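Shown next, in structure tokens, is the structure this report addresses.
Just so you know, these numbers use all the heavy atoms, side chains as well, and skip hydrogens, waters and symmetry mates. The model shown is predicted, which means the values in this text are computed figures rather than measured ones. Residue numbers begin at 1 in each chain, while the letters A, B, ... track the order of the sequences.
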Amino acid sequence: MDSVSKYFSGLFTGIGSLLKGMSVTWKELWTPKVTRQYPENRETLVVSDRFRAELVMPHDANNEHACTACGICQMNCPNGTIVVTSQIIETEDGKKKKILDTHQWDLGMCTFCNLCVITCPSDAIKFDNNFENAVFTRSKLIQKLNAEGSKLREKKKEEKPTAEAKPVIEVKAPVADAKPVVEKEVIAKVKPEEPKAEKE
Amino acid sequence: MILNYSQPLELDGVSKALDTSLSALPDFWRILIECVLVGVVILTTYAVIALILIYAERKITAFFQARYGPNRVGKWGLLQSVADTIKILLKEIIRINNVDRFLFFAAPFFMVCASVMTFGAIAFGKGLLAVDFNIGVLYVTAVSSLGIIGVLLAGWSSNNKYSMIGAMRSGAQFVSYELSAGFALMTIVVLTGTMQFSEMIEKQQYCWNIFNGHISSMIAFVIYIISGHAETNRGPFDLPEAESELTAGYHTEYSGIQFGFYYLAEYLNMFIIAGIATTVFLGGYMPIQVHGWEGFNQVMNYIPSYVWFFSKTGVLIFLSLWVRWSFPRLRIDQLLALEWKYLLPINLVNIVVMVILVLTGLTLTDLFPSLF
Amino acid sequence: MEKIKKLILDTVKDAVIEEKQILTVTVSWDKLHLLAKTLKDNAELPFDFLVMLTGVDRGETLGVNYLISSSTDISVEVILKTDAADRENPLIYTVTDLYETAHLNEREAFALLGIRFINNPDMRRFFLNSDWTGFPLRKDYDPNPELNPVSIESKEIIDITPRIMEVDGKLVEDTANIFEADDYIINIGPQHPSTHGVMHFRTALDGEIIKKIDVHSGYIHRGIEKLSENLTYPQILHFTDRLDYLSANINRHGLCMCVEKAGEIEVPERAQYIRVIMDELQRISSHLLAWAAMTNDLGATTAFIYGMREREHILEIFDKTCGGRLIINQNVIGGVMFDIYNEFQQDVKAFIPYMREKLKEYDRFFSHNVIALGRMIGIGNMTKEETISYAVTGPAGRASGWSCDIRKHQPYSIYGQVDFKEVIRTEGDSYARYLNRLDEIEESLHIIEQLIDNIPAGEICAKTKAIIKLPVGEFYQRIETAKGEFGVFIESRGEKQPWRLKFRSPSMALVSIMPLICKDEKLSDFIGIGGSMDYVIPDIDR
Amino acid sequence: MELKNVKIKGIANEDFNDNEYLEDYIKQIEASGVNLVFGKLDELINWGRSNSLWPLIYATSCCGIEFMATAAAHNDFSRFGYEVTRNSPRQADMMIVCGTLVHKMAPLIKRVYDQMAEPKYVVVMGACAISGGPFINSYHVVPGIDTIIPVDVYVPGCPPRPESLLYGLMQLQRKVKLEKFLGNKQR
């Protein structure tokens with residue numbers, strides 16, 4: 001007799017559980033949908049500011065950037081995504097100076113680990129959240145970040161430029177000179193966004 | 001005693017007109033032309049229904065899953081399945097080495113033929129019935145089981161181990177559930193005393209079979225729906241093609257239009273099961289009629305019979321989608337246990353109960369003859 | 001500890017014991033097995049849990065480090081070190097008869113370092129093809145790509161294994177067959193929808209019943225450990241995210257902690273809080289994905305979509321915090337890279353009740369579904385002993401009644417200060433593992449709840465030296481990821497790069513037990529069990 | 001067929017990247033001459049094909065999870081008609097390669113690609129698949145899928161976010177819309 005009651009109770013609890021499951025889908029059928037309709041919502045789509053999708057080198061209105069071609073980003077990159085080429089020119093007052101030739105970055109290889117940005121001593125590069133980057137040709141992914149004809153932004157006198165020339169020559173020990181700046185960078189970067197976070 | 005007032009939207013006039021216009025021809029030609037015409041119409045409906053069903057399933061599924069589903073191809077994505085069709089028609093059919101080529105090519109046709117043959121026997125509306133066998137139920141049961149040959153052949157001839165396992169599962173599944181489906185239909189045959197679809201439908205004018213035989217009919221209905229879905233390999237009974245286990249199951253090796261056939265047949269079989277269930281249990285194309293409420297009946301009658309048929313079928317199809325997208329897949333032993341441990345014994349008892357109901361006059365029409 | 005030391009010295013007289021961060025014992029290669037056996041069989045504190053088996057190229061010699069622990073108290077650790085006598089033909093006795101988990105680990109050591117293990121019944125290379133030239137983790141490995149060109153010709157799989165056995169005191173090299181001649185073998189994977197990545201299970205079937213499974217791996221072996229040897233510590237961090245990408249943040253936390261411990265870097269409290277909250281969010285997202293993937297494996301696609309939907313809320317929080325959805329690059333050595341954004345607390349607090357609501361829905365939708373129950377209850381049973389022997393940790397290990405949560409036993413970061421339950425079940429079947437995950441989501445929510453309002457102000461990253469160089473030594477760190485225990489081993493020689501870096505992947509243990517628990521189950525159950533184990537393949541292959 | 005006639009709902013043509021490639025592509029195709037009737041038919045066929053790209057997911061690592069996120073409710077790529085993911089390569093139209101490709105896997109991806117029926121397309125997703133990404137210096141990693149099989153669209157990112165993948169798939173749609181089925185044999 002026990003087995004008979006087990007048979008029927010099994011049958012009915014089974015059916016009950018199935019109906020319960022169906023009630024969940026039934027409810028979902030009528031709940032508002034969560035889909036974000038890209039690309040129809042392209043105008044209104046909000047991508048987090050911090051989202052890293054491509055590396056850019058901001059240029060100001062005079063077509064000037066902040067990159068001193070120190071090469072620290074290149075050396076901090078774990079897989080050689082960045083290639084900085086520079087040339088030595090002589091300034092008017094006879095000093096030798098290194099200027100940026102091309103800052104080349106391979107979007108197809110980048111892992112977006114952010115090391116280049118946080119180690120950059122002069123804040124010359126940053127990550128942007130424009131994610132629409134798909135292309136048909138592989139070579140299009142290799143980008144030159146500095147704009148055509150751009151030049152280094154002149155710094156004010158009191159701001160001593162950090163020792164940036166050395167590492168390029170000394171490829172063996174790269175991070176040494178970069179690091180002291182790194183710490184300041186990290187903190188400085190995030191500080192502005194922090195204050196409201198901890199009210200208590 | 002079929003409805004006797006004019007219904008401008010009914011299509012049964014078309015077939016009658018066809019009959020009269022062809023009556024002058026010799027028999028051979030008349031039958032040939034009719035056959036061809038009916039064949040073309042059925043095939044077209046077949047394809048159109050499949051397209052609609054594919055779209056409907058994708059859309060309804062999406063809504064169950066908190067998303068929108070196709071909505072970029074045409075308005076609301078209405079042309080989605082058209083695009084799919086164009087694509088699949090022009091897709092390469094791969095010649096595969098080391099397969100039994102004849103059987104490999106024949107298998108999808110078996111599948112489609114079986115479903116077209118069953119499809120042809122369904123009464124879509126008043127007068128919209130290609131052949132009205134007096135053994136309709138038997139015919140449907142017999143013909144629909146041909147589809148399994150398509151599955152088995154596909155699995156066997158593909159020279160692919162996944163396909164083979166899928167086909168074997170399908171075989172076991174089909175043999176088991178055909179039994180239940182057949183018994184469930186037989187229960188209703190006991191109730192109505194006829195195997196002819198048209199007659200069965202007429203008898204349901206005021207009281208659908210599912211109510212007429214009350215408990216017994218309802219059990220038969222549920223069992224038929226369950227085993228019907230198991231027969232058509234739709235979730236949660238989709239073991240033969242179990243995507244997460246067997247990649248694509250028995251049709252893994254098929255590409256292009258051959259795969260398209262299986263894809264079509266799957267949806268059509270779903271329609272057929274719902275259609276037969278409608279015909280047998282839910283009064284087929286009969287409108288909702290209440291004895292004595294002449295005004296109401298008249299209004300209902302203005303809605304053409306095929307609309308009734310398709311909407312009833314639509315409800316059943318929705319039910320099936322709902323079930324499919326709610327449950328996980330059964331395992332083969334659960335599947336067989338469900339059949340042999342639950343459905344079949346219940347069915348056997350049920351058919352006896354039905355016989356008793358009919359013999360002792362306990363059906364609704366017998367109990368309350370004034371109402372029906 | 002004194003007792004253990006005495007036991008060790010009683011067993012092997014010339015063992016060298018060093019009191020480091022962890023008790024380290026060096027023995028000769030022929031004594032190791034004896035010592036391990038004695039430690040395992042001692043009744044008081046059986047060392048029956050092989051946490052990590054690491055092959056190391058020590059320069060002159062090739063050696064193996066065993067980190068062993070006890071199942072009764074997993075905070076007790078002993079390291080056994082041994083060196084092979086001959087660098088050209090390194091041989092060490094196997095410990096597979098003591099610890100089942102050693103099977104795959106020893107095969108890995110063979111593939112990467114060429115150390116062969118005597119008496120291991122299966123000495124095929126684990127990750128690499130059998131015709132691979134050289135052993136990549138050896139320091140003298142020739143990386144010339146011409147030696148190992150990319151081939152697009154499919155290779156036939158040969159189910160014969162070489163092995164080296166000790167018969168009557170003599171070493172005999174022979175071969176053995178993996179399958180019987182008339183087995184019906186199907187390949188599940190490497191490209192298969194339900195292997196959760198690219199795993200390859202050669203499965204011998206008897207009808208629908210599984211007779212034997214042979215695990216092939218390496219289809220996503222990326223050589224992370226070798227790559228790490230040429231990178232600085234901050235650069236290595238980004239690899240950890242790509243091991244078990246579902247526990248990306250937790251893995252990274254582990255490596256950071258190992259470096260911080262070795263370099264004695266103090267992490268600010270604010271960073272600790274952020275790390276733990278992010279870890280727990282990550283754990284929830286991982287469990288949600290595991291739930292979703294498992295339901296999908298069982299054929300319930302809708303449940304899969306629901307799980308992914310809830311997960312998306314966490315990803316959004318990640319996205320806003322650190323600019324990544326899946327791979328978030330949040331932890332750095334000494335703290336975190338990004339501070340939380342302004343609405344962080346608000347968003348997380350909104351998520352907690354939402355998730356609780358959805359957990360109830362999951363319960364109604366799937367947890368009691370009669371079909372699902374039939375496919376989970378009593379399927380894939382693991383006993384506690386098997387679990388320990390195979391070193392299966394995480395929700396799966398705890399489903400067999402083994403209390404193995406590192407957060408409880410070796411509280412790191414601020415886990416000592418929060419209140420949470422270790423979810424333990426004793427059934428050991430798929431359903432217990434399934435429920436464990438859902439319960440752990442609940443516990444994680446509870447942890448986050450306690451922390452979210454109390455994030456202290458302050459720095460988010462400690463000041464570190466210009467170049468992070470670790471002192472000479474060997475450093476271990478264990479951490480609890482969503483899949484189980486993740487371990488980091490760093491051998492440093494005072495450089496800014498590690499000499500040897502090894503990750504203990506929890507998934508490897510989960511996969512290694514699959515052949516055992518799937519035996520005599522049905523093919524469909526194999527998929528379901530795989531879903532309930534929730535392994536991530538790149539974590540195994542590294 | 002001109003590029004300006006290729007329309008994708010939601011994004012204007014000039015907002016797309018790499019239009020130069022498509023211009024070249026058109027020139028290449030038109031070199032073989034255009035037939036008016038076939039041209040119209042081709043448009044219909046391409047409309048069908050581009051809107052019914054059923055994917056085969058070749059997911060090896062992290063990007064596979066982002067692909068799942070694309071398939072799930074929040075991004076729902078079924079809106080494009082892509083949700084019919086086929087696990088059998090025979091039935092798929094495009095292969096989405098998500099994740100690192102290593103030496104041991106190289107023969108298998110080639111085989112799966114060969115098993116697909118024409119017309120077939122390959123979309124690679126993420127840095128690993130494009131170039132080897134973080135693991136480019138490894139001994140066991142293939143430096144880019146395009147060394148093994150032809151690639152149609154590159155979707156960069158590590159991993160790319162779902163919208164990014166959708167953008168890549170729309171790029172592929174644009175390419176498909178330019179093809180010729182009756183006029184000439186492209187692939």
Reported [atom1]-to-[atom2] distance for the pair [X] and [Y], which is rounded to 0.5 angstrom:
| X | Y | atom1 | atom2 | result |
| --- | --- | --- | --- | --- |
| D:Y167 | A:N133 | OH | CG | 7.5 Å |
| A:K140 | D:Y21 | NZ | OH | 10.0 Å |
| A:Y38 | D:F77 | OH | CZ | 16.0 Å |

query: Is it the side chain or the backbone of D:D146 that comes within 4.5 Å of chain A heavy atoms, both, or neither?
result: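 Just its side chain gets close to chain A.
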- request: Check whether D:M170 gets within reach of chain A through its side chain, its backbone, both or neither, counting any heavy atom under 4.5 Å.
  value: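 For D:M170, side-chain heavy atoms alone lie under 4.5 Å from chain A.
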task: Would you indicate whether the side-chain heavy atoms of A:E132 and D:E163 approach each other to under 4.5 Å?
output: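 A side-chain contact is absent here, since even the closest heavy-atom pair is not under 4.5 Å.
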- prompt: Do D:D152 and A:F136 have side-chain heavy atoms sitting under 4.5 Å apart?
  reply: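 They are not in contact (no side-chain heavy atoms under 4.5 Å apart), so the answer is no.
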Work out which heavy atom in [X] is nearest to a heavy atom in [Y]; give both atom names and the distance.
| X | Y | answer |
| --- | --- | --- |
| A:C110 | D:A127 | O-CB, 3.6 Å |
| D:H74 | A:V34 | CD2-O, 3.8 Å |
| A:M109 | D:S131 | CG-OG, 2.9 Å |

task: Apply the test side chain to side chain contact (heavy atoms under 4.5 Å, CB included) to residues A:T35 and D:N75: give CA-CA distance (whole Å), side-chain angles for both, the deciding distance (0.1 Å), then the verdict.
output: CA-CA 5 Å; A:T35 311; D:N75 296 288; over 6 Å; no
task: Show your working on side chain to side chain contact (heavy atoms under 4.5 Å, CB included) between A:Q37 and D:D76 and close with a plain yes or no.
output: CA-CA 8 Å; A:Q37 303 208 50; D:D76 184 24; over 6 Å; no
task: May I ask you to list the residues in residues 134-144 of chain D that approach chain A closer than 4.5 angstrom, counting heavy atoms only, ordered by number?
output: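 When heavy atoms of chain A are the reference, residues 134-144 of chain D contributes D:P134, D:I136, D:N137 within the under-4.5 Å range.
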- request: Tell me, for A:L141 versus chain D, whether the close heavy atoms (under 4.5 Å) come from the side chain, the backbone, both or neither.
  value: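 Side chain of A:L141 only, per the 4.5 Å heavy-atom cut-off to chain D.
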- request: Against chain D, work out which of A:T111, A:T81, A:V47 has the most heavy-atom pairs shorter than 4.5 Å and name it.
  value: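 Of the candidates given, the most pairs with chain D belong to A:T111.
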- prompt: Under the side chain to side chain contact (heavy atoms under 4.5 Å, CB included) criterion, do D:C158 and A:R52 qualify, and how do the steps go?
  reply: CA-CA 9 Å; D:C158 195; A:R52 295 186 293 279; over 6 Å; no
- prompt: So which of D:P156, D:P162, D:S164 actually passes side-chain contact (heavy atoms from CB on, under 4.5 Å) with A:F131?
  reply: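 Of D:P156, D:P162, D:S164, side-chain contact (heavy atoms from CB on, under 4.5 Å) with A:F131 is met by D:S164 alone.
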